[in-house]
Chemist: 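Take a look at this one; I'll ask things after.
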Amino acid sequence: MAIEHAFLPVLLGDEMNAYGMARAFYESYGVKPLALNHTNMEKIQQSDLLIFREVPRLYIEERFVVSLKAIAEEFAGKKLLLLACDEFYVKKIVQHKEELADYFAIPYVDANRANELLTRESMYELCAKFGFLYPAMHVCTVNDYEEFDIPFEYPVVIKPLNMTKYATCIFPGKKKVYIAKDNDEKDAIFHAIYKESAYRDDLMVQQYIPGEDAHMCVVNAYVGQDSKVKLLSVGNPILEEHSPEGIGRYVAIMTAYDKDLMDRVKLFLEEIRFHGFATFDMKYDERDGQYKLLSIELHNELSNYYVTASGYNLMQYVADDFIRGSKQQLTYVQNKHLWTIVPNGVLFKYVQNEQLVIEAKSLIRQGMATDSIFNYKDMNAKRWLNITLDNLSFYRQYKKYFNNKGLSN
(Lines give C-alpha, C1' and ligand atoms only; values in the text may rest on other atoms or scores of the structure.)
Protein backbone atom coordinates (compact mmCIF):
# COMPACT_ATOMS: atom_id res chain seq x y z
CA MET A 1 0.00 0.00 0.00
CA ALA A 2 1.46 3.37 -1.04
CA ILE A 3 2.36 5.78 1.75
CA GLU A 4 0.80 9.23 1.48
CA HIS A 5 3.03 12.17 2.33
CA ALA A 6 2.05 15.68 3.31
CA PHE A 7 4.56 17.22 0.89
CA LEU A 8 5.83 16.49 -2.59
CA PRO A 9 9.14 17.66 -4.13
CA VAL A 10 8.73 18.69 -7.77
CA LEU A 11 11.99 18.45 -9.72
CA LEU A 12 12.57 20.20 -13.05
CA GLY A 13 15.24 19.41 -15.60
CA ASP A 14 18.40 17.32 -15.76
CA GLU A 15 17.43 13.72 -15.08
CA MET A 16 20.79 12.62 -13.65
CA ASN A 17 20.65 15.38 -11.05
CA ALA A 18 17.01 14.59 -10.42
CA TYR A 19 17.94 11.03 -9.50
CA GLY A 20 20.47 12.03 -6.85
CA MET A 21 18.02 14.51 -5.33
CA ALA A 22 15.18 11.97 -5.44
CA ARG A 23 17.34 9.37 -3.73
CA ALA A 24 18.11 11.83 -0.94
CA PHE A 25 14.43 12.72 -0.46
CA TYR A 26 13.45 9.06 -0.41
CA GLU A 27 16.16 8.12 2.06
CA SER A 28 15.14 10.89 4.44
CA TYR A 29 11.34 10.87 4.17
CA GLY A 30 10.29 7.87 2.08
CA VAL A 31 8.72 10.30 -0.41
CA LYS A 32 9.00 9.82 -4.17
CA PRO A 33 9.48 13.19 -5.92
CA LEU A 34 7.72 14.10 -9.13
CA ALA A 35 10.29 14.70 -11.88
CA LEU A 36 8.97 16.78 -14.77
CA ASN A 37 10.49 16.66 -18.24
CA HIS A 38 11.08 13.91 -20.74
CA THR A 39 14.18 11.75 -20.55
CA ASN A 40 15.83 9.03 -22.60
CA MET A 41 17.88 7.65 -19.73
CA GLU A 42 16.35 4.26 -19.07
CA LYS A 43 18.31 3.55 -15.92
CA ILE A 44 16.72 6.65 -14.37
CA GLN A 45 13.24 6.03 -15.77
CA GLN A 46 13.25 2.56 -14.31
CA SER A 47 13.95 3.87 -10.82
CA ASP A 48 11.40 3.20 -8.09
CA LEU A 49 12.50 6.29 -6.11
CA LEU A 50 10.77 8.92 -8.22
CA ILE A 51 7.85 9.43 -10.57
CA PHE A 52 8.65 10.66 -14.08
CA ARG A 53 6.17 12.68 -16.06
CA GLU A 54 6.69 14.19 -19.47
CA VAL A 55 5.22 17.67 -19.71
CA PRO A 56 5.17 18.72 -23.38
CA ARG A 57 6.94 22.03 -24.06
CA LEU A 58 7.46 22.78 -20.37
CA TYR A 59 10.55 24.81 -21.33
CA ILE A 60 8.54 27.19 -23.55
CA GLU A 61 7.74 30.52 -21.92
CA GLU A 62 4.02 30.33 -22.66
CA ARG A 63 3.73 26.84 -21.16
CA PHE A 64 5.94 27.05 -18.09
CA VAL A 65 3.69 28.71 -15.50
CA VAL A 66 0.51 27.18 -16.95
CA SER A 67 1.94 23.67 -16.68
CA LEU A 68 3.17 24.15 -13.13
CA LYS A 69 -0.14 25.60 -11.99
CA ALA A 70 -1.86 22.52 -13.41
CA ILE A 71 0.49 20.32 -11.38
CA ALA A 72 -0.28 22.38 -8.27
CA GLU A 73 -4.02 21.94 -8.80
CA GLU A 74 -3.60 18.20 -9.24
CA PHE A 75 -1.76 17.93 -5.92
CA ALA A 76 -3.73 20.63 -4.11
CA GLY A 77 -3.73 18.67 -0.86
CA LYS A 78 0.05 18.63 -0.55
CA LYS A 79 2.76 21.15 0.21
CA LEU A 80 4.80 21.38 -2.97
CA LEU A 81 8.54 22.11 -3.00
CA LEU A 82 9.78 23.33 -6.39
CA LEU A 83 13.43 22.59 -7.24
CA ALA A 84 15.51 23.01 -10.40
CA CYS A 85 18.06 20.43 -11.50
CA ASP A 86 19.86 22.68 -13.97
CA GLU A 87 20.59 26.36 -14.56
CA PHE A 88 17.92 26.77 -17.22
CA TYR A 89 15.13 25.91 -14.81
CA VAL A 90 16.67 27.95 -11.98
CA LYS A 91 16.32 30.98 -14.24
CA LYS A 92 12.78 30.04 -15.22
CA ILE A 93 11.70 29.59 -11.61
CA VAL A 94 13.18 32.85 -10.34
CA GLN A 95 11.79 34.72 -13.36
CA HIS A 96 8.27 33.56 -12.40
CA LYS A 97 8.73 33.33 -8.65
CA GLU A 98 5.94 35.75 -7.78
CA GLU A 99 3.44 33.91 -9.99
CA LEU A 100 4.36 30.51 -8.54
CA ALA A 101 4.80 31.43 -4.88
CA ASP A 102 1.10 30.87 -4.09
CA TYR A 103 1.42 27.26 -5.24
CA PHE A 104 4.95 26.16 -4.34
CA ALA A 105 7.58 26.64 -1.69
CA ILE A 106 10.45 28.16 -3.71
CA PRO A 107 13.95 28.08 -2.13
CA TYR A 108 15.57 30.58 -4.48
CA VAL A 109 16.61 34.22 -4.23
CA ASP A 110 14.89 36.84 -6.38
CA ALA A 111 15.67 37.21 -10.06
CA ASN A 112 18.05 40.15 -9.66
CA ARG A 113 20.32 38.36 -7.19
CA ALA A 114 20.11 35.07 -9.10
CA ASN A 115 21.08 36.71 -12.38
CA GLU A 116 23.93 38.57 -10.67
CA LEU A 117 25.37 35.28 -9.43
CA LEU A 118 24.74 33.35 -12.65
CA THR A 119 26.34 35.99 -14.89
CA ARG A 120 30.10 35.50 -14.80
CA GLU A 121 31.15 39.14 -14.98
CA SER A 122 28.82 40.41 -12.25
CA MET A 123 29.46 37.32 -10.11
CA TYR A 124 33.22 37.84 -10.22
CA GLU A 125 32.84 41.54 -9.46
CA LEU A 126 30.69 40.76 -6.41
CA CYS A 127 32.92 37.93 -5.16
CA ALA A 128 36.09 39.99 -5.50
CA LYS A 129 34.77 42.27 -2.76
CA PHE A 130 34.98 39.28 -0.41
CA GLY A 131 38.51 38.25 -1.33
CA PHE A 132 37.76 35.55 -3.92
CA LEU A 133 40.30 35.33 -6.71
CA TYR A 134 39.37 34.26 -10.24
CA PRO A 135 41.09 33.71 -13.59
CA ALA A 136 41.14 36.57 -16.06
CA MET A 137 38.23 36.34 -18.49
CA HIS A 138 36.46 38.03 -21.37
CA VAL A 139 33.04 37.54 -22.97
CA CYS A 140 32.93 37.72 -26.74
CA THR A 141 29.89 37.76 -29.03
CA VAL A 142 28.99 36.63 -32.52
CA ASN A 143 29.47 40.25 -33.61
CA ASP A 144 32.99 40.84 -32.30
CA TYR A 145 34.72 37.45 -32.09
CA GLU A 146 36.67 37.90 -35.32
CA GLU A 147 38.38 41.04 -34.00
CA PHE A 148 38.92 39.69 -30.48
CA ASP A 149 42.54 39.55 -29.30
CA ILE A 150 43.05 37.66 -26.06
CA PRO A 151 44.52 40.07 -23.45
CA PHE A 152 46.08 37.31 -21.36
CA GLU A 153 48.40 34.37 -21.89
CA TYR A 154 47.56 31.04 -23.48
CA PRO A 155 46.26 28.43 -22.95
CA VAL A 156 42.67 29.61 -22.55
CA VAL A 157 39.34 27.94 -21.83
CA ILE A 158 36.51 28.66 -24.28
CA LYS A 159 32.98 27.83 -23.19
CA PRO A 160 29.49 28.71 -24.48
CA LEU A 161 27.60 30.73 -21.88
CA ASN A 162 24.16 29.56 -22.96
CA MET A 163 24.50 25.80 -22.52
CA THR A 164 20.79 25.23 -23.10
CA LYS A 165 20.93 26.60 -26.64
CA TYR A 166 24.38 25.12 -27.26
CA ALA A 167 23.09 21.64 -26.35
CA THR A 168 20.77 21.70 -29.38
CA CYS A 169 23.60 22.46 -31.80
CA ILE A 170 25.22 19.67 -33.78
CA PHE A 171 28.50 20.13 -35.65
CA PRO A 172 31.81 18.29 -36.17
CA GLY A 173 34.22 18.35 -33.25
CA LYS A 174 31.65 19.69 -30.79
CA LYS A 175 32.79 19.78 -27.15
CA LYS A 176 31.28 21.06 -23.94
CA VAL A 177 34.45 23.03 -23.14
CA TYR A 178 37.46 23.84 -25.34
CA ILE A 179 41.12 24.50 -24.64
CA ALA A 180 43.06 26.72 -27.06
CA LYS A 181 46.86 26.76 -26.83
CA ASP A 182 47.40 29.56 -29.36
CA ASN A 183 45.67 32.01 -31.71
CA ASP A 184 45.22 29.45 -34.47
CA GLU A 185 43.38 27.05 -32.16
CA LYS A 186 41.30 29.90 -30.75
CA ASP A 187 40.26 31.02 -34.24
CA ALA A 188 39.45 27.44 -35.27
CA ILE A 189 37.19 26.98 -32.23
CA PHE A 190 35.41 30.30 -32.85
CA HIS A 191 34.91 29.36 -36.50
CA ALA A 192 33.50 25.91 -35.63
CA ILE A 193 30.99 27.34 -33.16
CA TYR A 194 29.86 30.46 -34.98
CA LYS A 195 30.23 29.35 -38.61
CA GLU A 196 29.40 25.65 -38.49
CA SER A 197 26.63 25.65 -35.88
CA ALA A 198 23.44 27.57 -35.11
CA TYR A 199 24.83 28.91 -31.83
CA ARG A 200 24.72 32.72 -31.68
CA ASP A 201 24.96 33.44 -27.96
CA ASP A 202 28.07 34.59 -26.07
CA LEU A 203 31.29 32.70 -25.45
CA MET A 204 33.43 32.95 -22.34
CA VAL A 205 37.18 33.06 -22.88
CA GLN A 206 39.09 32.52 -19.65
CA GLN A 207 42.71 32.05 -18.66
CA TYR A 208 43.42 28.37 -18.08
CA ILE A 209 44.64 27.19 -14.67
CA PRO A 210 47.03 24.25 -15.08
CA GLY A 211 46.76 21.13 -12.99
CA GLU A 212 45.22 17.66 -12.85
CA ASP A 213 41.60 16.90 -11.95
CA ALA A 214 42.41 16.68 -8.24
CA HIS A 215 43.28 20.40 -8.22
CA MET A 216 39.56 21.09 -8.36
CA CYS A 217 37.55 22.04 -5.28
CA VAL A 218 33.78 22.19 -4.82
CA VAL A 219 31.95 23.84 -1.91
CA ASN A 220 28.28 23.00 -1.36
CA ALA A 221 26.16 25.21 0.86
CA TYR A 222 22.61 25.34 2.11
CA VAL A 223 21.41 28.70 3.42
CA GLY A 224 18.12 28.95 5.31
CA GLN A 225 15.22 31.33 4.76
CA ASP A 226 16.74 33.50 7.49
CA SER A 227 19.85 33.97 5.27
CA LYS A 228 21.98 32.07 7.77
CA VAL A 229 24.21 29.27 6.49
CA LYS A 230 23.07 25.90 7.82
CA LEU A 231 25.40 23.47 6.06
CA LEU A 232 28.79 23.74 4.36
CA SER A 233 30.74 20.92 2.76
CA VAL A 234 34.02 20.91 0.84
CA GLY A 235 34.75 18.23 -1.71
CA ASN A 236 37.94 17.37 -3.57
CA PRO A 237 36.97 16.13 -7.06
CA ILE A 238 39.65 13.55 -7.67
CA LEU A 239 38.46 12.61 -11.16
CA GLU A 240 36.46 14.36 -13.89
CA GLU A 241 34.86 13.11 -17.07
CA HIS A 242 37.01 13.62 -20.18
CA SER A 243 34.66 12.86 -23.08
CA PRO A 244 33.81 15.85 -25.36
CA GLU A 245 30.18 15.98 -24.26
CA GLY A 246 30.88 15.55 -20.54
CA ILE A 247 34.30 17.14 -20.04
CA GLY A 248 34.74 18.69 -16.62
CA ARG A 249 31.83 16.87 -14.96
CA TYR A 250 32.87 15.41 -11.62
CA VAL A 251 32.71 11.62 -11.41
CA ALA A 252 34.52 11.08 -8.09
CA ILE A 253 34.72 13.34 -5.05
CA MET A 254 36.38 12.86 -1.68
CA THR A 255 35.16 15.02 1.19
CA ALA A 256 37.68 17.44 2.61
CA TYR A 257 37.74 19.99 5.43
CA ASP A 258 38.95 23.56 5.00
CA LYS A 259 37.66 25.82 7.76
CA ASP A 260 39.17 29.02 6.33
CA LEU A 261 37.49 28.44 2.97
CA MET A 262 34.19 27.52 4.65
CA ASP A 263 34.34 30.65 6.79
CA ARG A 264 34.89 32.82 3.70
CA VAL A 265 31.97 31.21 1.82
CA LYS A 266 29.74 31.56 4.89
CA LEU A 267 30.55 35.26 5.26
CA PHE A 268 29.90 35.90 1.57
CA LEU A 269 26.52 34.13 1.47
CA GLU A 270 25.25 35.75 4.66
CA GLU A 271 26.42 39.23 3.71
CA ILE A 272 24.57 39.13 0.38
CA ARG A 273 21.42 37.83 2.13
CA PHE A 274 21.37 34.61 0.11
CA HIS A 275 19.11 31.61 0.70
CA GLY A 276 18.80 28.18 -0.88
CA PHE A 277 21.52 26.04 -2.46
CA ALA A 278 24.86 27.29 -3.73
CA THR A 279 27.66 25.32 -5.39
CA PHE A 280 31.09 26.95 -5.71
CA ASP A 281 33.49 25.42 -8.23
CA MET A 282 37.15 26.36 -7.74
CA LYS A 283 40.57 25.24 -8.85
CA TYR A 284 43.84 25.32 -6.96
CA ASP A 285 46.50 27.32 -8.78
CA GLU A 286 49.87 25.90 -7.80
CA ARG A 287 51.61 28.91 -9.32
CA ASP A 288 50.53 31.13 -6.43
CA GLY A 289 49.08 28.62 -3.98
CA GLN A 290 45.55 30.10 -4.20
CA TYR A 291 42.12 28.75 -5.04
CA LYS A 292 40.54 30.52 -8.03
CA LEU A 293 36.76 30.73 -8.27
CA LEU A 294 35.37 29.43 -11.56
CA SER A 295 31.61 29.47 -11.09
CA ILE A 296 28.69 29.56 -8.67
CA GLU A 297 25.61 27.47 -9.40
CA LEU A 298 22.23 27.77 -7.67
CA HIS A 299 21.09 24.26 -8.57
CA ASN A 300 22.31 20.96 -7.21
CA GLU A 301 24.55 19.13 -9.63
CA LEU A 302 24.80 15.35 -9.88
CA SER A 303 27.85 15.35 -7.62
CA ASN A 304 25.98 17.03 -4.73
CA TYR A 305 25.08 13.57 -3.47
CA TYR A 306 28.59 13.36 -2.00
CA VAL A 307 27.29 15.60 0.82
CA THR A 308 24.29 13.35 1.51
CA ALA A 309 26.50 10.25 1.34
CA SER A 310 28.82 11.71 3.96
CA GLY A 311 25.93 11.82 6.42
CA TYR A 312 24.30 15.23 5.84
CA ASN A 313 21.25 14.92 3.60
CA LEU A 314 21.04 18.12 1.54
CA MET A 315 17.40 17.57 0.61
CA GLN A 316 16.48 17.18 4.26
CA TYR A 317 17.88 20.65 4.93
CA VAL A 318 15.66 22.31 2.33
CA ALA A 319 12.54 20.32 3.22
CA ASP A 320 12.94 20.84 6.97
CA ASP A 321 13.48 24.55 6.37
CA PHE A 322 10.78 25.35 3.81
CA ILE A 323 8.18 22.65 4.53
CA ARG A 324 8.57 21.73 8.20
CA GLY A 325 9.90 25.01 9.54
CA SER A 326 12.54 23.24 11.66
CA LYS A 327 15.30 25.17 13.40
CA GLN A 328 18.72 24.28 12.03
CA GLN A 329 22.19 24.89 13.41
CA LEU A 330 25.35 25.62 11.42
CA THR A 331 27.26 22.48 10.45
CA TYR A 332 30.64 22.17 8.76
CA VAL A 333 30.94 18.67 7.28
CA GLN A 334 34.07 16.86 8.45
CA ASN A 335 33.14 13.22 7.78
CA LYS A 336 35.44 11.49 5.32
CA HIS A 337 33.62 9.82 2.43
CA LEU A 338 34.14 8.90 -1.22
CA TRP A 339 31.43 9.54 -3.80
CA THR A 340 31.72 8.16 -7.32
CA ILE A 341 29.72 7.22 -10.41
CA VAL A 342 32.52 5.34 -12.21
CA PRO A 343 33.79 1.77 -11.67
CA ASN A 344 36.65 1.31 -9.23
CA GLY A 345 38.88 0.13 -12.06
CA VAL A 346 38.52 3.48 -13.82
CA LEU A 347 39.04 5.37 -10.57
CA PHE A 348 42.24 3.53 -9.61
CA LYS A 349 43.76 3.80 -13.09
CA TYR A 350 43.04 7.44 -13.94
CA VAL A 351 43.35 9.34 -10.66
CA GLN A 352 46.83 10.80 -11.04
CA ASN A 353 47.66 11.35 -7.38
CA GLU A 354 48.77 8.02 -5.92
CA GLN A 355 48.07 9.14 -2.35
CA LEU A 356 44.45 9.84 -3.31
CA VAL A 357 44.18 6.38 -4.86
CA ILE A 358 45.40 4.86 -1.58
CA GLU A 359 42.86 6.93 0.37
CA ALA A 360 40.06 5.95 -2.03
CA LYS A 361 40.87 2.24 -1.66
CA SER A 362 40.91 2.61 2.13
CA LEU A 363 37.50 4.33 2.18
CA ILE A 364 36.04 1.63 -0.08
CA ARG A 365 37.35 -1.13 2.21
CA GLN A 366 35.83 0.64 5.22
CA GLY A 367 32.43 0.92 3.56
CA MET A 368 32.75 4.71 3.38
CA ALA A 369 32.14 5.01 -0.36
CA THR A 370 28.92 5.53 -2.35
CA ASP A 371 27.91 5.29 -5.99
CA SER A 372 24.79 7.45 -6.17
CA ILE A 373 23.55 5.85 -9.42
CA PHE A 374 24.38 2.18 -8.68
CA ASN A 375 21.92 1.90 -5.82
CA TYR A 376 21.34 -1.66 -4.59
CA LYS A 377 18.07 -0.63 -2.93
CA ASP A 378 16.71 0.64 -6.24
CA MET A 379 17.52 -2.12 -8.68
CA ASN A 380 15.75 -4.32 -11.16
CA ALA A 381 17.05 -6.41 -14.05
CA LYS A 382 16.65 -3.72 -16.71
CA ARG A 383 18.10 -0.97 -14.56
CA TRP A 384 21.04 -3.17 -13.56
CA LEU A 385 21.74 -3.94 -17.23
CA ASN A 386 21.68 -0.27 -18.26
CA ILE A 387 23.96 0.79 -15.42
CA THR A 388 26.36 -2.06 -16.14
CA LEU A 389 26.56 -1.06 -19.80
CA ASP A 390 27.22 2.54 -18.78
CA ASN A 391 29.99 1.44 -16.44
CA LEU A 392 31.63 -0.54 -19.23
CA SER A 393 31.41 2.53 -21.47
CA PHE A 394 33.42 4.51 -18.92
CA TYR A 395 36.40 2.22 -19.55
CA ARG A 396 36.17 2.93 -23.30
CA GLN A 397 35.72 6.68 -22.81
CA TYR A 398 38.71 7.11 -20.53
CA LYS A 399 40.93 4.97 -22.74
CA LYS A 400 39.98 7.14 -25.72
CA TYR A 401 39.90 10.63 -24.21
CA PHE A 402 41.93 10.76 -21.03
CA ASN A 403 45.22 12.58 -20.93
CA ASN A 404 47.28 13.44 -17.87
CA LYS A 405 48.09 17.00 -18.86
CA GLY A 406 45.18 18.50 -16.92
CA LEU A 407 43.50 20.08 -19.96
CA SER A 408 39.92 19.47 -18.77
CA ASN A 409 39.36 22.59 -16.67
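Every heavy atom of this structure was used, including side-chain atoms; hydrogens, water molecules and symmetry mates were not.
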Chemist: Step through the shown structure and confirm whether more than 12 heavy atoms of other residues, nucleotides or ligands are within 6.0 Å of NZ on Lys175.
Modeler: no
Chemist: Return the orientation label for the Tyr29 and Phe7 ring planes: parallel under 30°, perpendicular over 60°, tilted otherwise.
Modeler: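 Tyr29 vs Phe7 ring planes: perpendicular.
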Chemist: Going by side chain to side chain contact (heavy atoms under 4.5 Å, CB included), Leu81 matches just one of Leu11, Ile106, Val318. Which one?
Modeler: Val318
Chemist: Using the ring of Phe130 (Phe, Tyr or Trp, six-membered ring only), decide whether Arg264 places NZ or CZ under 6.0 Å from its centre and within 45 degrees of its axis.
Modeler: no
Chemist: Does Ile60 CD1 have over 12 foreign heavy atoms under 6.0 Å away?
Modeler: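 More than 12 within 6.0 Å, yes.
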Chemist: What do the steps show when you test Gln46 against Asn386 for side chain to side chain donor-acceptor pair (under 3.5 Å), and what is the final call?
Modeler: CA-CA 10 Å; Gln46 293 155 356; Asn386 284 318; 3.2 Å; yes
Chemist: Would you call the rings of Tyr376 and Phe374 parallel, tilted or perpendicular if under 30° counts as parallel and over 60° as perpendicular?
Modeler: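 The arrangement is perpendicular - the two ring planes meet at more than 60°.
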Chemist: Classify the ring geometry between His275 and Phe322 as parallel (under 30°), tilted (30 to 60°) or perpendicular (over 60°).
Modeler: tilted
Chemist: I'd like to know whether the aromatic ring centres of His138 and Phe148 sit less than 6.0 Å apart in this structure.
Modeler: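 When the ring centroids of His138 and Phe148 are compared, they turn out to be within the sub-6.0 Å range.
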Chemist: Regarding Lys92 and the six-membered ring of Tyr59, is the cationic atom NZ or CZ under 6.0 Å from the ring centre and inside 45° of its axis?
Modeler: no
Chemist: Could you tell me whether Lys79 sits above the aromatic face of Phe104, with NZ or CZ closer than 6.0 angstrom to the six-membered ring centre and within 45 degrees of the axis?
Modeler: no
Chemist: When you look at Glu74 and Arg53, which way does the salt bridge (Lys or Arg N to Asp or Glu O under 4.0 Å) test go after all the steps?
Modeler: CA-CA 13 Å; Glu74 180 182 347; Arg53 180 180 299 186; 2.7 Å; yes
Chemist: Is the Tyr89 to His299 ring centre distance short of 6.0 Å?
Modeler: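 Ring-ring flag for Tyr89/His299: false, centres at least 6.0 Å apart.
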